There are 2 protein chains.
Amino acid sequence: MVNGGTDGLRERKKRRTREALIDAAHTLFCEKGFEATTIDEIAEAVEVSPRTFFRYFTSKEDVALSLADEQITAVLEAFAGQPAGLPVLTAMRAAAVGVVRAYEAEARFGSLQRLISVSPALAAARVERGAARLDEVARLVGARMGVDPAADPRPHLVASVLLCAVQPAVVAWRAAGREAPESELTGQAFDLLAAGLDYPAASG
Amino acid sequence: MVNGGTDGLRERKKRRTREALIDAAHTLFCEKGFEATTIDEIAEAVEVSPRTFFRYFTSKEDVALSLADEQITAVLEAFAGQPAGLPVLTAMRAAAVGVVRAYEAEARFGSLQRLISVSPALAAARVERGAARLDEVARLVGARMGVDPAADPRPHLVASVLLCAVQPAVVAWRAAGREAPESELTGQAFDLLAAGLDYPAASG
DNA sequence: GAAATTCTGTCACTCACTGACAACTGTCGT
DNA sequence: ACGACAGTTGTCAGTGAGTGACAGAATTTC
C-alpha cells in the first residue's frame, strides 16, 4: 500500500529529472542555438550521463518538441469539443486560437516558436511528429464530417493539410513582420487561409 | 579553347558520377530501405570514397530527394504558366496534375514516392526542402493574387499551405487504399481538399 | 610539356544514438 | 530492520552521419 496520494519517490525523481532536462535543454537551445548545443552539454547541466538523456528522450528534437506535443494534444481535444455542424476549418480555427491563447502567457512557449522558426531541423521534426498523429486527426475530422475515415479518404486528406498548415501559417505570418499576441496571429492566419486559397474567389 | 559543343571530360565525368550515385542510392534504398542503407554502401557501389559522396550531396536525404527537387521546380514553373485569373488552388491543381502526369511514366518516380511514404525521415526532409523554397512560391502566389508579398502576408501563408499540402494529400489518398495513376490521385486529392475544408459547406 | 585548377582519397575527428552489463536505488513483503 | 526484486543509472564499446585538412592524381590551360 502506501502512497498517501503522491506517487513514490522513484516516480517523483523521474519527473524531476525529465523536467530538468527539458529546462536545461531549452535554456541552452535559446543561448547557443539548437544545432550548436550537444547532448553532452544538456546532460552535464543536469548532472546525468548522456546515456540517461536518451532514456528520457529519443532524440535532441524530442526534448525540444516535448512542449509542442502537449500543445498539439490540447488543440486536438479542443477541436473534438467544438460544436457539431461547424465547418472543419472553422472548428480548427477556434481550437487553435483557444489553445494558443491559453499558452501564450508562458514565456517558454514563445521562445520555442522562435526556436522552431529558426531551425529547419526542428521544423521538419515537428512536421514528422504531426504526421505520426495523422490517424488521430483524421478520426476527429471524419467524425465532424459524418463519414468513416476507413472508407472515405477525405478525412485523411483534410487532416494532413490541417496538420501541416496550422504551424507554418503562424510562422509565415510572423515572418511577414507582423508582431502581435500569438492567439491573434493564429486567428488571422486562419482567416486569410480560408480566403487566400480561393483567391480570386470563385463564388462571391 | 576547345569544347566542340560538348563540355570537357571533367564535366562529363562529374555528371556521370552524380548520376551513378543517385542510381545506386535509389536501388539500395528500394532493396534495403532508406535507413538501413549506409553511405559507405552507396559509395562502394559506385567505387568512390565516402568522402566523395559528400562532395556531391549534403546528406543521405539529399540523394534520395534530388529527383523530387526537379519535380518541385517543374510544378512551380507550371504554376507560373497557368492563365491569370485562375484561383490559386485551381492553378496549383492544374500545375501539379500536369507535372505528375509527365513524370509518372518513369519508374523511379513511383518508387521514390513509395520510399518517401514509408520513411518518416524522408517525408520530413521533403517538407524541409519545400520550406526552403517558400519565398519563391510566395512570389508566384503573390503575383497571381495581385499583391506584393513583401507587404501582404497572405501569399506567404497560402504558399506554405500549398507546399505542405500537395504531397501529403497524395500520400493520404494512397494510404486510404486508392490505387490509380498518380496524376489522377493528385487531381482528386485537390478536389476533395477544396471541398473538405469547408465541410459542411458554409455557402452552397 | 609545365603550371595552375580542380577532384579525389586518406586520415582524424565530432556528434547523435544504441546495445550490453554491472552497480546502484527505491519498493515491497515479511 | 532486512533481504529479494525491479527499475534506474553510469560506463564501455561501437555504428553511422557528417566535416576539415592535406597530399596526390587527374584535367585544363598556356
Side-chain angles (χ1 to χ4, degrees), chain A residues 1-22 24-25 28-29 31-66 119-122 124-125 128-129, chain B residues 1-22 24-25 28-29 31-66 119-122 124-125 128-129:
Chain A
M1 58 195 42
V2 154
N3 301 350
T6 98
D7 332 63
L9 175 56
R10 187 171 271 165
E11 288 295 315
R12 266 178 291 155
K13 228 174 176 178
K14 262 173 66 175
R15 233 200 316 283
R16 251 189 299 142
T17 306
R18 191 186 148 83
E19 283 305 314
L21 282 171
I22 293 176
L28 285 167
F29 290 160
E31 279 174 10
K32 327 180 30 176
F34 177 73
E35 6 273 333
T37 304
T38 68
I39 306 279
D40 285 13
E41 291 170 331
I42 300 170
E44 195 178 5
V46 184
E47 295 186 305
V48 294
S49 74
R51 188 69 184 86
T52 293
F53 172 91
F54 285 107
R55 293 196 174 102
Y56 283 86
F57 302 97
T58 62
S59 67
K60 207 163 79 165
E61 285 80 9
D62 196 26
V63 222
L65 295 179
S66 58
S119 158
L122 267 183
E128 198 175 342
R129 300 190 136 220
Chain B
M1 60 187 45
V2 161
N3 303 349
T6 97
D7 334 61
L9 174 56
R10 186 170 270 163
E11 287 296 317
R12 266 178 291 154
K13 227 173 177 179
K14 263 173 65 175
R15 235 200 314 284
R16 251 190 299 142
T17 306
R18 191 187 149 81
E19 282 305 315
L21 282 171
I22 293 177
L28 285 167
F29 290 159
E31 279 173 11
K32 328 180 28 177
F34 177 72
E35 6 273 332
T37 303
T38 67
I39 305 277
D40 285 13
E41 291 170 330
I42 300 171
E44 196 179 5
V46 183
E47 295 185 304
V48 295
S49 74
R51 189 67 185 85
T52 294
F53 172 92
F54 285 107
R55 292 197 174 102
Y56 283 87
F57 302 97
T58 61
S59 67
K60 207 164 75 165
E61 285 78 11
D62 195 27
V63 221
L65 295 179
S66 59
S119 159
L122 267 183
E128 195 175 344
R129 299 189 136 222

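By convention in this document, chain letters (A, B, ...) are assigned in the order of the sequence lines, proteins followed by strands, and residues within each chain are numbered from 1. All values derive from a computational prediction rather than experimental measurement.
- Remark: P of dT8(C) and CD of Glu47(B) are 14 Å apart, rounded to the nearest angstrom.
- Computed from coordinates, the Arg15(B) CZ to dC7(C) C1' distance equals 16 Å when rounded to whole Å.
- For Thr52(B), the side chain to side chain contact (heavy atoms under 4.5 Å, CB included) partners two or more places apart in sequence, or in a different chain, are Val48(B), Ser49(B), Arg55(B), Tyr56(B).
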In B/S/- notation (B base, S sugar-phosphate only, - none; protein heavy atoms under 4.0 Å), nucleotides 11-21 of chain C written 5' to 3' is ----SSBBBB-
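- With rounding to whole Å, Leu9(B) atom CG is found 14 Å from dT5(C) atom C1'.
- Partners of Arg16(A) by salt bridge (charged side-chain N to carboxylate O under 4.0 Å, His left out), not counting sequence neighbours: none found.
- Here the straight-line distance linking atom CG of Leu21(A) with atom CZ of Phe53(A) works out to 6.5 Å at 0.5 Å rounding.
- Put simply, the side chain of Thr17(A) does not reach to within 4.5 Å of the side chain of Lys14(A), judged on heavy atoms.
- Within a 6.0 Å radius of CD in Glu11(A), more than 12 heavy atoms belonging to other residues, nucleotides or ligands are found.
- Proximity of Lys13(B) to the phosphate of dT27(D): a side-chain N or O atom is located under 4.0 Å from OP1 or OP2.
- For the pair Lys60(A) (side chain) and Phe34(A) (backbone), a donor-acceptor distance under 3.5 Å is present.
- Every residue two or more places apart in sequence or in another chain was checked for a salt bridge (charged side-chain N to carboxylate O under 4.0 Å, His left out) with Arg18(B), and none qualifies.
- Applying the salt bridge (charged side-chain N to carboxylate O under 4.0 Å, His left out) rule to Glu41(B) yields the partners Lys32(B); only residues at least two apart in sequence or on another chain are considered.
- Atom NZ of Lys14(A) and atom C1' of dT25(C) are 13 Å apart (whole Å).
- Leu21(B) places its CG atom 15 Å from the P atom of dC7(C), with the value rounded to the nearest Å.
- Heavy-atom contacts from other residues, nucleotides or ligands closer than 6.0 Å to CD of Glu35(B) number more than 12.
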Could you list the protein-to-nucleotides 1-6 of chain D atom pairs, N/O on both sides, closer than 3.5 Å?
none

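- Distance CZ (Arg12(A)) to C1' (dT27(C)): 13 Å, rounded to an integer number of Å.
- Rounded to whole angstrom, the span from the OH atom of Tyr56(B) across to the P atom of dG18(D) amounts to 18 Å.
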